[in-house]
2 protein chains.
Amino acid sequence: MSIQKIARLAGVSVATVSRVLNNSESVKEKNRERVLKAIAESNYQPNLLARQLRTARSSMILVLVSNIANPFCAEVVKGIEEEAEKNGFRILLCNTGSDMARSRSALNLLSGKIVDGIITMDASSRLPELATLIGNAPWVQCAEYADDGDVSCVGINDVGAAQCVIDRLLARGCQRIALINHDLSYKYARSREEGYHSGLKAHQCEYAFVKYASDLSFSAGKAAMQALLRHTERPDAVFAVSDTLAAGAVLAIHEAGLKMPQDIAVVGFDGTELAEMVTPPLTTVYQPSKEIGRKAVGLLLNKIDNPEAPAERIMMDWQYISRASA
Amino acid sequence: MSIQKIARLAGVSVATVSRVLNNSESVKEKNRERVLKAIAESNYQPNLLARQLRTARSSMILVLVSNIANPFCAEVVKGIEEEAEKNGFRILLCNTGSDMARSRSALNLLSGKIVDGIITMDASSRLPELATLIGNAPWVQCAEYADDGDVSCVGINDVGAAQCVIDRLLARGCQRIALINHDLSYKYARSREEGYHSGLKAHQCEYAFVKYASDLSFSAGKAAMQALLRHTERPDAVFAVSDTLAAGAVLAIHEAGLKMPQDIAVVGFDGTELAEMVTPPLTTVYQPSKEIGRKAVGLLLNKIDNPEAPAERIMMDWQYISRASA
DNA sequence: CTGAAAGCGCTTACAG
DNA sequence: CTGAAAGCGCTTACAG
């Protein structure tokens with residue numbers, strides 16, 4: 001079923017059909033009705049491929065996420081969706097699992113003109129390779145940043161937030177604070193580790209112990225905590241760079257028969273609902289996840305409308321939320 | 001940058017360029033090299049819109065999910081991704097939030113020929129309207145089923161699983177078992193409620209109390225449990241149709257100062273990692289989520305290759321997992 | 001207000 | 001093994 005058939009059915013030209021489809025310009029009421037009738041009768045649906053090919057516009061944006069199951073990511077995506085919808089854009093989600101081949105394949109949607117722009121939440125250091133694929137296409141990084149400034153991004157001051165966590169833990173008397181971090185190919189992971197170390201140094205604290213979780217999952221957090229517990233100098237506090245990881249740490253601590261926060265204080269990151277779901281509820285750093293998503297869309301749409309605009313960096317506020325775990 | 005420019009650069013016809021792009025037939029080695037060189041030099045990327053318009057094939061499938069943040073959905077999606085990838089298909093995720101307008105908009109991708117088929121995980125009763133939009137396009141329902149049999153689906157025996165939960169709770173001496181259910185527009189919600197009632201009836205149990213959560217979230221589960229606790233005849237067991245809901249119930253019970261399972265036993269559903277994250281860990285019904293996703297893709301690809309094939313229904317095995325909460 | 005025609009970037013019989 | 005040409009289904013100046 002094509003626009004041709006509708007034109008024939010309605011007894012008008014394809015141009016007229018196209019005009020009523022795009023309710024553009026003035027079409028004589030009579031003709032409009034005949035076209036609408038023909039469309040309804042034949043259950044016609046316009047072919048988006050043809051339309052997009054012709055107009056070179058899709059009003060779709062691609063969102064590349066390393067793991068949708070992560071509650072923080074899911075929240076950011078919700079913000080992205082809301083803002084995109086408000087502006088007449090649709091989003092396409094691709095869960096890369098941080099897999100290079102999958103990311104590359106997803107990017108074909110961009111280079112193949114299926115989408116108008118892209119928002120990534122994946123590791124910056126994996127992106128240089130992707131950057132060439134992306135080329136000059138509209139792109140913004142969300143909750144993650146490239147080292148150089150030529151791509152727009154939105155996030156928080158990770159160094160400062162991590163430092164604050166360390167300050168608070170030291171203030172409550174903790175002396176051996178361990179860090180459960182994510183893969184350092186993420187810029188945010190490097191920044192939080194930097195904040196961790198500078199926070200300790202500011203208080204002349206000697207003890208430092210970093211354990212890297214194999215991924216951003218509950219089980220990886222648990223495994224990391226178990227490793228920390230086997231350490232000869234057992235930590236009396238642990239800072240995990242994600243609530244999911246912290247939730248895993250909480251279980252490991254429970255299973256070891258230790259009490260929180262008396263034996264070990266725990267602090268998470270992100271401020272997701274998950275932090276309230278575990279026992280004890282988690283002290284955490286709240287990120288305005290939805291707002292981060294919305295801002296990312298804003299930056300992207302700017303770039304789509306105005307390809308020559310320079311890259312922008314937006315830093316959002318974060319907040320330390322104190323609960324029973326620390 | 002188009003295939004034309006490449007042809008000109010390489011000094012061959014567009015047909016030849018197209019042939020090397022699709023590494024089809026035999027192209028003289030010399031020409032192949034020249035084309036490849038031209039492509040590399042110009043950083044050419046084929047326009048997928050044009051290709052798909054011409055071939056009427058996209059090798060993409062659309063996945064409509066009501067809430068990606070739900071861990072069960074996220075797992076199913078992972079299974080879908082794996083199987084799709086194995087078959088050379090890419091998936092596009094749309095988070096509908098059970099919003100009709102958004103679902104309708106997402107379906108334009110199908111009717112607009114951007115994707116070859118669709119997998120839905122949304123409420124069956126909301127789908128009749130969508131069904132007309134979908135028409136004869138390849139479609140499978142995942143972890144949810146239509147009442148009539150003309151669309152393929154894959155899931156578990158929800159009635160049987162719910163009955164089993166009731167049997168177990170009664171066997172451990174519970175006498176007042178409440179149900180925290182999801183919106184009845186979901187067929188699976190109706191089936192589990194049916195199993196709940198028939199399970200009670202089979203044991204001549206008079207007490208029955210159903211509370212509907214406003215959505216499938218932690219906070220909705222908590223609110224539902226708080227309502228149950230205000231009931232004059234307080235339940236001594238609660239069966240929630242999702243682990244997320246159950247996690248909310250657990251918090252409400254904690255806050256009420258009650259013990260699990262002594263004062264109230266709790267059983268969840270889905271068998272997600274979340275069930276292990278809360279304290280006490282949740283007894284739950286495990287669904288083979290990834291496998292459900294994989295099977296859904298299998299059914300869909302069958303339908304894409306063979307549009308005349310009849311609809312199929314696949315029922316997977318489930319498993320009762322006993323933990324400390326009941 | 002309307003239609004004929006060009007063109008978006010591909011693929012694919014068809015002829016050679 | 002290769003190229004000229006038609007055509008996928010649209011939109012949009014352009015002329016009337």
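By convention in this document, chain letters (A, B, ...) are assigned in the order of the sequence lines, proteins followed by strands, and residues within each chain are numbered from 1.
Other residues, nucleotides and ligands contribute only 12 or fewer heavy atoms inside 6.0 Å of the NZ atom of Lys295(A). At most 12 non-hydrogen atoms from other residues, nucleotides or ligands lie less than 6.0 angstrom from CG of Asn136(B).
Comparing the same atom, P, in dG9(D) and in dA13(D) gives a spacing of 23 Å after rounding to whole Å. Between dC14(D) and dC10(D), the distance separating the two P atoms is 24 Å to the nearest Å. Comparing the same atom, P, in dA5(D) and in dC1(D) gives a spacing of 24 Å after rounding to whole Å.
Spacing between atom CG of Asn23(B) and atom P of dT11(C) amounts to 11 Å, rounded to whole angstrom units. Lys28(A) places its NZ atom 9 Å from the P atom of dC1(C), with the value rounded to the nearest Å. In this structure, CG of Leu49(A) is placed 15 Å from C1' of dG7(D), rounded to the nearest angstrom. Rounded to a whole Å, the CZ atom of Arg51(B) is 5 Å from the P atom of dT11(C). Between Leu53(A) atom CG and dT12(D) atom P the separation is 12 Å, expressed in whole Å. Rounded to whole Å, atom C1' of dT2(C) lies 16 Å from atom CD of Glu29(A). Taking atom NZ on Lys113(B) and atom C1' on dC8(D), their separation rounds to 12 Å, with Å as the unit. Per the geometry, CD belonging to Gln52(B) stands 12 Å off C1' belonging to dG9(C), to the nearest Å.
A donor-acceptor contact shorter than 3.5 Å links the side chain of Asp183(A) to the backbone of Ser185(A). A donor-acceptor pair under 3.5 Å is formed between the side chain of Thr96(A) and the backbone N or O of Val65(A).
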* Under a 3.5 Å cutoff on both atom distances, Watson-Crick or G-U, what's the dot-bracket for DNA chain C ([ ] crossing, | other strand)? -> |||.||||||||.|||
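OP1 or OP2 of dG3(C) has at least one side-chain nitrogen or oxygen of Thr16(A) nearer than 4.0 Å. Between dC8(C) and Asn47(B), no contact under 4.0 Å exists linking OP1 or OP2 to a side-chain N or O. Applying the 4.0 Å criterion to OP1 and OP2 of dC1(C), one finds that Asn31(A) has every side-chain N and O outside that range.
Within the structure, salt bridge (charged side-chain N to carboxylate O under 4.0 Å, His left out) pairs that include any residue of residues 103-115 of chain A comprise Arg104(A)-Glu129(A) (at least two apart or interchain).
Not counting sequence neighbours, Arg51(B) has no partner by the side-chain hydrogen bond (donor to acceptor under 3.5 Å, both in side chains) test. Remark: Lys290(A) engages Glu75(A), Lys78(A), Glu82(A), Arg294(A) in a side chain to side chain contact (heavy atoms under 4.5 Å, CB included) (not counting sequence neighbours).
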Which pairs, protein N/O on one side and nucleotides 13-16 of chain D N/O on the other, fall under 3.5 Å?
unit_1: dA13(D); atom_1: N6; unit_2: Arg19(A); atom_2: NH2; d: 3.4

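Along DNA chain D, the nucleotide closest to Ala50(B) and the one closest to Ser13(B) are compared, and the more 5′ of them pairs with Ser13(B). Nearer the 5' end of DNA chain D, as judged by each residue's closest nucleotide, is the contact made by Gly11(B), out of Leu48(A) and Gly11(B).
Salt bridge Glu83(A)/Lys86(A): present, at least one basic N to carboxylate O contact under 4.0 Å. Using a 4.0 Å cut-off between charged nitrogen and carboxylate oxygen, Arg313(A) and Asp150(A) do not count as a salt-bridge pair.
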Under 3.5 Å, sequence neighbours excluded: what are the donor-acceptor pairs made by side chains of residues 39-46 of chain A?
unit_1: Glu41(A); atom_1: OE2; unit_2: Lys37(A); atom_2: NZ; d: 3.4
unit_1: Ser42(A); atom_1: OG; unit_2: Ala38(A); atom_2: O; d: 2.7
unit_1: Ser42(A); atom_1: OG; unit_2: Ile39(A); atom_2: O; d: 3.4
unit_1: Gln45(A); atom_1: NE2; unit_2: Ser111(B); atom_2: OG; d: 3.4

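Residue Arg54(B) places its side chain closer to dC10(C) than to any other of dC10(D), dC10(C), dG3(C). If you check dT11(D), dT11(C), dC10(C) against the side chain of Thr55(B), the one that comes closest is dT11(C).
Residue contacts shown for Ser2(B) are limited to sugar-phosphate atoms, with no base heavy atom under 4.0 Å away.
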